[in-house]
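Every heavy atom of this structure was used, including side-chain atoms; hydrogens, water molecules and symmetry mates were not. Numbering of ligands and ligand atoms starts at 1, following listing order. Quick note: residue numbers are just sequence positions, from 1.
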Amino acid sequence: MKIFVAGGAGYIGSGCTEFLLNNGYEVTVFDSLITGHRDAVDKRSEFIEGDLADRKLVRTVIKNGDFDGIMHFAAFSLVGESMTNPGKYFMNNNAHALNLLDAAVENNIKSFVFSSTAATFGVPEKMPITEDAQQHPINPYGESKLIFEKMLSWYNKIYGLKYTALRYFNAAGATEKFGEDHSPETHLIPLILQVPLGRRKSIKIFGDDYDTPDGTCLRDYIHILDLAQAHMLALDAPRSGHYNLGCGNGYSVKEIIEVARKVTGHPIPAEVEAKRSGDPAELIADSTLAKKELLWSPKYENVEDIISSAWEWFKKNPDGYSK
Ligand code: UFG
């Protein structure tokens, strides 16, 4: 089986590419390297540097590639940035991604797997979040992902494109080769680990008066290799569908810092700061459907294992990939 991976030089796309290759798939990585890294492209894959904005290139590559499936990770994903530059998100995550969707239909691609997000739910009414929960995004990033879910659904109805939208909760961890390197970094776990790496003095806790047991936000952290497993299984999904991917456990910001102290042996000083706007108190997935229909079985349900894998990668790559 040959898979086209858009965004295969990014954090989740690189781990997924490695996982596919380890499982006998052939992979072509397509990435603009705007946020991705050349060193994050698995050397066993074919690499094409290109942008989804380039409709002609996208159509040519898909036409000539004889792909069995497409995985689409190539999106901008900074919630804060999307609130100041929404057009960047709708342009890339929707308008440019349409080129990939059209190419999939033109070439009868059998399976299209899309990186969606818990951010499509906004502030959910009940926890844990099931697939049928109301989707009311509270930022343009989440809205752009929801719009693409809807584009997929219409292409399914009209052209019969088979797709799977995987809604990740908090992607975390690393493989031995590939890890997390965003610029700027905004995610909790890599920022915490910058403290024992000597890259920052302390970690800021954004708010400690939420309505949660210790007052800090609860999140459902999911290892990138478990996300990769879901992508591979989705290629053979029995039907088109949407699936929430998380471990089903909520860890608070304070708990994550405590686990990181244990894993790294560093005191990791923390300071409470003002709340970050747009942070829901709690986001926890109900992934029953993915387990039942995709036969997904996450392997990293212990958050200590997730943080340890990230720590191992950062010790080898304290400043991320070469720039
Ligand atoms: N946090 C801190 N200090 C920091 C960074 C984060 O306290 O320095 C807190 C946040 O306020 C939040 C939690 O740690 O409560 C996790 O924050 P992240 O930025 O790591 O992740 P988010 O939950 O904000 O976002 C993640 C993905 C998004 C996705 C979202 C779904 O990164 O792409 O989940 O809601 F949209």
Side-chain angles (χ1 to χ4, degrees), residues 7 10-13 35 73-83 89 92-93 114-124 127-129 133 135-149 165-173 180-195 199-224 227 244-247 249-260 268-285 303 306-307 310:
Y11 172 43
I12 304 166
T35 56
F73 299 88
F76 291 129
S77 63
L78 297 175
V79 170
E81 182 187 56
S82 80
M83 293 293 282
Y89 283 72
N92 185 67
N93 298 0
F114 170 56
S115 302
S116 191
T117 169
T120 58
F121 292 109
V123 185
M127 226 35 78
I129 306 170
Q135 287 175 294
H136 297 301
I138 53 168
N139 50 64
Y141 164 66
E143 187 74 61
S144 72
K145 290 283 184 172
L146 179 58
I147 290 171
F148 199 77
E149 282 194 5
L166 299 175
R167 298 173 184 146
Y168 316 156
F169 280 61
N170 285 59
E180 190 164 8
D181 179 358
H182 297 109
S183 188
E185 189 53 78
T186 60
H187 296 99
L188 181 64
I189 293 174
L191 287 174
I192 292 174
L193 296 177
Q194 283 178 9
V195 181
R199 272 38 181 191
R200 74 176 47 231
K201 287 207 161 49
S202 63
I203 182 72
K204 293 174 180 160
I205 297 174
F206 295 145
D208 67 349
D209 58 353
Y210 284 96
D211 186 14
T212 59
D214 68 13
T216 65
C217 290
L218 299 176
R219 292 289 181 274
D220 185 344
Y221 294 87
I222 175 81
H223 197 284
I224 55 166
L227 294 178
N244 294 351
L245 298 181
C247 289
N249 303 315
Y251 291 95
S252 73
V253 174
K254 283 186 179 166
E255 284 172 323
I256 293 293
I257 296 170
E258 206 45 55
V259 175
I268 312 184
E271 296 160 41
V272 177
E273 296 257 326
K275 284 179 177 169
R276 191 171 69 175
S277 74
D279 275 340
E282 202 178 339
L283 285 173
I284 299 165
V303 81
I306 297 179
I307 294 175

Looking only at heavy atoms, is any part of [X] under 4.0 Å from ligand 1, and if so is it the side chain, the backbone, or both, or is it neither?
X	value
Tyr168	neither
Ile203	side chain
Thr186	backbone
Tyr11	neither

Compute the shortest N/O to N/O distance between [X] and ligand 1 and return yes if it is under 3.5 Å, no if not.
X	result
Asp279	yes
Ile205	no
Cys217	no

Among all protein heavy atoms, pick out the one at the shortest distance from [atom]; state its residue, atom name and that distance to 0.1 Å.
atom	value
atom 9 (C) of ligand 1	Val253 CG2, 3.7 Å
atom 21 (O) of ligand 1	Asn170 ND2, 3.1 Å
atom 30 (C) of ligand 1	Thr117 OG1, 4.3 Å
atom 4 (C) of ligand 1	Phe206 CE1, 3.3 Å

(Q) As a test of understanding, state which of Arg167, Lys145, Glu149 forms a side-chain hydrogen bond (donor to acceptor under 3.5 Å, both in side chains) with Ser116. (A) Glu149

Q: Could you give me the CA-CA distance, side-chain angles and deciding distance for Asp209 and Lys275, then say whether side chain to side chain contact (heavy atoms under 4.5 Å, CB included) is met?
A: CA-CA 9 Å; Asp209 58 353; Lys275 284 179 177 169; 3.1 Å; yes

**Q.** Heavy-atom nearest option to atom 17 (O) of ligand 1, drawn from Arg219, Arg276, His187
**A.**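 When every heavy atom of Arg219, Arg276, His187 is considered, Arg276 comes closest to atom 17 (O) of ligand 1.
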
Q.
Counting the benzene-type ring for Trp, do Phe148 and Phe114 have ring centres under 6.0 Å apart?
A.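 Yes, the ring of Phe148 comes within the 6.0 Å limit of the ring of Phe114, centre to centre.
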
Q) What's the verdict on side chain to side chain contact (heavy atoms under 4.5 Å, CB included) for Tyr89 and Leu78, showing C-alpha distance, side-chain angles and the deciding distance? A) CA-CA 9 Å; Tyr89 283 72; Leu78 297 175; 3.4 Å; yes

Q) How many angstroms lie between atom CG of Asp220 and atom CD1 of Ile129, to the nearest 0.5 angstrom? A)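 So the CG of Asp220 and the CD1 of Ile129 are separated by 8.5 Å.
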
Q: Say whether, by atom type as modelled, one donor and one acceptor occur between the side chain of Asn244 and the main chain of Ala118 under 3.5 angstrom.
A: no

**Q.** Step-by-step side chain to side chain contact (heavy atoms under 4.5 Å, CB included) determination, Ile189 to Ile256
**A.** CA-CA 8 Å; Ile189 293 174; Ile256 293 293; 3.9 Å; yes

Q) So do Thr117 and Tyr141 actually touch side chain to side chain, heavy atoms under 4.5 Å? A) yes

